[in-house]
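Just the heavy atoms: all of them, side chains too, but no hydrogens, waters or symmetry mates, feed the values below. These numbers were taken from a predicted model, which means no experiment stands behind them.
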Amino acid sequence: MESSGERNRIQVSQVTAYLLKGAGLSNWIIPRSTKVFVKGKGEMQTYWLTKSSKSIKTKPMHLKAELGPVGERPENEDSSDRTENEDHDFLGIEGMNKTERLVEWNVEILTSLLEQIVGSRGEVTDQSQTLSNAERKSWTSGTTVLEEFTPIIQLKRFDAEELKRRGKPTSTDIGDEAKSQLRNFISSISGLYPDNAFHNFEHASHVTASVKKLLARIVNTDEGNGLGASIPSDTVIDLAGHSYGITSDPLTQFAVVFSAVIHDVLHPGVPNTQLLKENDRWAQIYKKSIAEQKSVDIAWDLLMEDEYAALRACIYQTEADFQRFRQLVVNTVLATDIVDKELQALRKARWETAFSMDAAGDASNDSGVESEDRKATIVIEHLIQASDVSHTMQHWHIYKKWNERFFMECYGAYKQGRADFDPSHNWYKGEIGFFDFYVIPLAKKLQSCGVFGVSSHEYLNYATANREEWVRDGEALVRQYLLKFNERSANLAVPPEQAPFTS
């Protein structure tokens with residue numbers, strides 16, 4: 001950026017510009033008339049800082065970004081450590097830091113899905129005006145994300161002749177402009193993740209890797225998952241055939257992966273209960289699911305910016321697809337709030353309706369189009385929930401790494417006065433309870449819903465094994481976590497909970 005600057009002018013990145021806009025300081029910046037080349041990122045839109053003394057207009061509701069320091073990452077971490085993305089193709093590229101490599105990895109996954117979306121798209125009538133109105137409404141509606149939540153998402157279906165004619169979606173080049181916009185968007189999103197020990201961009205990429213893995217392992221009924229399509233019509237079928245419209249509808253898959261990437265944007269490093277106690281501006285706006293709603297709003301508002309028009313045109317070109325994409329993002333991100341009791345009760349009731357067994361051991365006879373959509377909605381929610389805690393269902397060393405990071409984040413928040421109780425006192429027992437009452441039951445649900453093939457067994461086996469290992473070694477590990485935190489505290493000029501994190 002320095003090499004492309006001008007004398008007596010301050011140049012700022014798109015992320016910095018976005019944060020200034022979010023703080024109501026849009027009159028402090030003007031976009032450069034031409035894009036500049038930034039090493040490791042390619043062409044990017046940058047801005048000149050003007051710092052006007054004119055009155056500051058405050059943007060309504062959700063666009064004030066704040067980055068508070070919390071927690072710390074464990075010291076002596078290998079900066080080349082893989083993010084458990086087994087097919088990560090960018091870790092070996094010289095000249096890229098870890099975040100840049102993760103950006104490229106996420107861009108590659110999303111580009112592949114965008115190519116499938118474009119390739120599977122039939123003729124589209126011109127809906128530019130209604131689509132523009134829908135986008136504008138999503139930007140300025142004034143409703144909260146939680147108010148948009150729906151218990152059942154209506155997925156797209158096609159008549160049988162169209163499906164035969166179209167076949168499997170083919171890969172299509174989305175074009176250089178859309179690719180550049182996607183890269184800039186993901187790069188901006190990475191910059192909107194604070195340097196939390198746990199809830200950071202690397203965690204988002206880890207969640208994305210798990211989502212990608214589970215989506216790839218959804219199987220069809222004729223391959224043995226035992227779930228027959230319950231829609232009797234011969235003329236209306238879903239694109240996937242027997243997987244509730246998930247596996248072969250690239251827009252649905254893109255929305256879920258997109259949600260994984262953005263689900264913890266601007267995460268404050270403390271739970272929603274603490275945000276309610278602090279009663280900050282975000283808590284006053286959202287009341288519930290505060291961090292989740294904020295992440296959706298911030299990421300969505302960024303996507304709706306003019307500089308991402310070509311990217312949006314690849315994702316959707318009709319109002320119906322736009323609305324479906326929006327609904328999928330809303331529901332998927334909100335599913336990561338596993339504490340809200342009302343949402344928990346609603347999910348449990350839907351699960352009982354869709355997948356429960358009756359007293360005789362027969363599967364629920366819930367059937368029809370609404371049933372297919374209900375099951376698809378549940379599968380998507382459980383997919384993102386499992387991915388959000390996928391470290392608990394992977395190899396022991398992966399679980400231990402992320403457990404330590406989460407401890408450091410929570411303990412750092414406590415040292416900052418942002419938690420009422422010292423988490424180290426109950427961390428050992430709390431993890432056992434988390435396995436018993438959330439992780440293992442979730443892994444069992446992945447298995448019983450029947451669409452994930454061997455992955456459901458794999459996740460359950462790892463979760464059970466990690467619990468056993470934690471019971472054996474967990475107390476000693478907590479002592480090690482505390483020792484690392486205190487050692488780092490002694491070596492820093494500022495308290496570790498206030499220090500920036502390094503990988």
Side-chain angles (χ1 to χ4, degrees), residues 85 87 105-122 153-158 163 166-172 174 178-179 182 185-186 189 204-220 223 225 227 237-263 296 299 303 311-318 320-336 372-373 375-388 390 446 449 451-453 455-456:
N85 302 329
D87 52 351
W105 183 82
N106 282 284
V107 167
E108 183 180 74
I109 293 174
L110 290 169
T111 297
S112 175
L113 290 170
L114 284 175
E115 289 171 346
Q116 292 181 55
I117 290 173
V118 174
S120 66
R121 189 176 285 152
I153 302 172
Q154 294 182 353
L155 297 187
K156 190 171 185 178
R157 288 181 168 79
F158 305 88
L163 184 65
R166 180 180 300 177
K168 186 176 181 179
T170 56
S171 207
T172 303
I174 64 173
K179 287 179 183 177
L182 175 61
F185 178 80
I186 298 301
I189 287 294
S205 299
H206 186 208
V207 174
T208 301
S210 178
V211 166
K212 174 177 176 284
K213 177 180 178 179
L214 286 172
L215 282 172
R217 294 195 178 183
I218 294 179
V219 296
N220 291 328
E223 295 174 344
N225 76 358
L227 291 173
I237 57 178
D238 65 48
L239 186 57
H242 302 292
S243 56
Y244 314 131
I246 299 172
T247 58
S248 299
D249 180 5
L251 179 57
T252 297
Q253 294 185 59
F254 179 89
V256 179
V257 173
F258 177 91
S259 300
V261 175
I262 62 103
H263 81 283
V296 172
L303 181 63
L311 171 59
R312 295 198 304 273
C314 288
I315 302 172
Y316 53 80
Q317 290 193 352
T318 68
D321 283 349
F322 166 80
Q323 297 292 359
R324 184 161 56 96
F325 174 61
R326 169 72 180 182
Q327 194 65 65
L328 282 161
V329 171
V330 166
N331 271 48
T332 303
V333 176
L334 285 178
T336 63
E372 299 297 312
D373 286 340
K375 289 175 179 175
T377 304
I378 293 169
V379 168
I380 289 169
E381 289 177 348
H382 283 73
L383 186 153
I384 191 69
Q385 288 173 347
S387 297
D388 201 23
S390 58
L446 290 181
C449 73
V451 299
F452 293 109
S455 285
S456 57

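Between Phe185 and Phe258, the distance separating the two ring centers is shorter than 6.0 angstrom.
For the pair Leu155 and Thr377, the minimum side-chain heavy-atom distance is 4.5 Å or more. Annotation: side chain of Leu311 is in contact with side chain of Leu303 (closest heavy-atom distance under 4.5 Å).
The structure places OG of Ser259 at 9.5 Å from CG of Leu334, a figure rounded to the nearest 0.5 Å. Considering CZ of Arg121 and OH of Tyr316, their distance stands at 10.5 Å, rounded to 0.5 Å. Taken from CD1 in Ile378 to CG in Asn331, the straight-line distance is 11.5 Å, to the nearest 0.5 Å. Annotation: the span from Lys213 atom NZ to Ile218 atom CD1 amounts to 13.5 Å, rounded to 0.5 Å. Atom CG in Asn106 sits 10.5 Å away from atom CD1 in Ile189 (nearest 0.5 Å). One distance of note links CD of Gln253 with CG of Leu383; it measures 10.0 Å at 0.5 Å rounding.
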With side-chain contact (heavy atoms from CB on, under 4.5 Å) as the criterion, how do Asp373 and Ile153 come out once you've worked through the C-alpha distance, each side chain's angles and the decisive distance to 0.1 Å?
CA-CA 6 Å; Asp373 286 340; Ile153 302 172; over 6 Å; no
Set out, in order, the CA-CA distance, both residues' side-chain angles and the distance that settles side-chain contact (heavy atoms from CB on, under 4.5 Å) for Leu214 and Ser387, then state yes or no.
CA-CA 8 Å; Leu214 286 172; Ser387 297; 3.8 Å; yes
Derivation and outcome, side-chain contact (heavy atoms from CB on, under 4.5 Å), residues Ile384 and Val207:
CA-CA 8 Å; Ile384 191 69; Val207 174; 4.0 Å; yes
Test side-chain contact (heavy atoms from CB on, under 4.5 Å) on Ile380 and Thr252 and set out the steps.
CA-CA 9 Å; Ile380 289 169; Thr252 297; 4.0 Å; yes
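Heavy atoms only, all atoms of each residue included: Ala255 and Phe325 are closest at CB-CD1, 3.7 Å. Minimum interatomic distance between Cys314 and Ile117 (heavy atoms only, all atoms of both residues): O-CG2, 3.3 Å. Nearest heavy-atom pair, Leu328 versus Thr332, reported as atom, atom and distance to 0.1 Å: O-OG1, 2.6 Å.
Here the side chain of Gln317 pairs a donor or acceptor atom with the backbone of Ala313 at under 3.5 angstrom.
Summarising the local packing, CD of Gln154 is surrounded by 12 or fewer heavy atoms from other residues, nucleotides or ligands at distances under 6.0 Å.
Asp321 pairs by the salt bridge (Lys or Arg N to Asp or Glu O under 4.0 Å) definition with Lys156, Arg324, not counting sequence neighbours.
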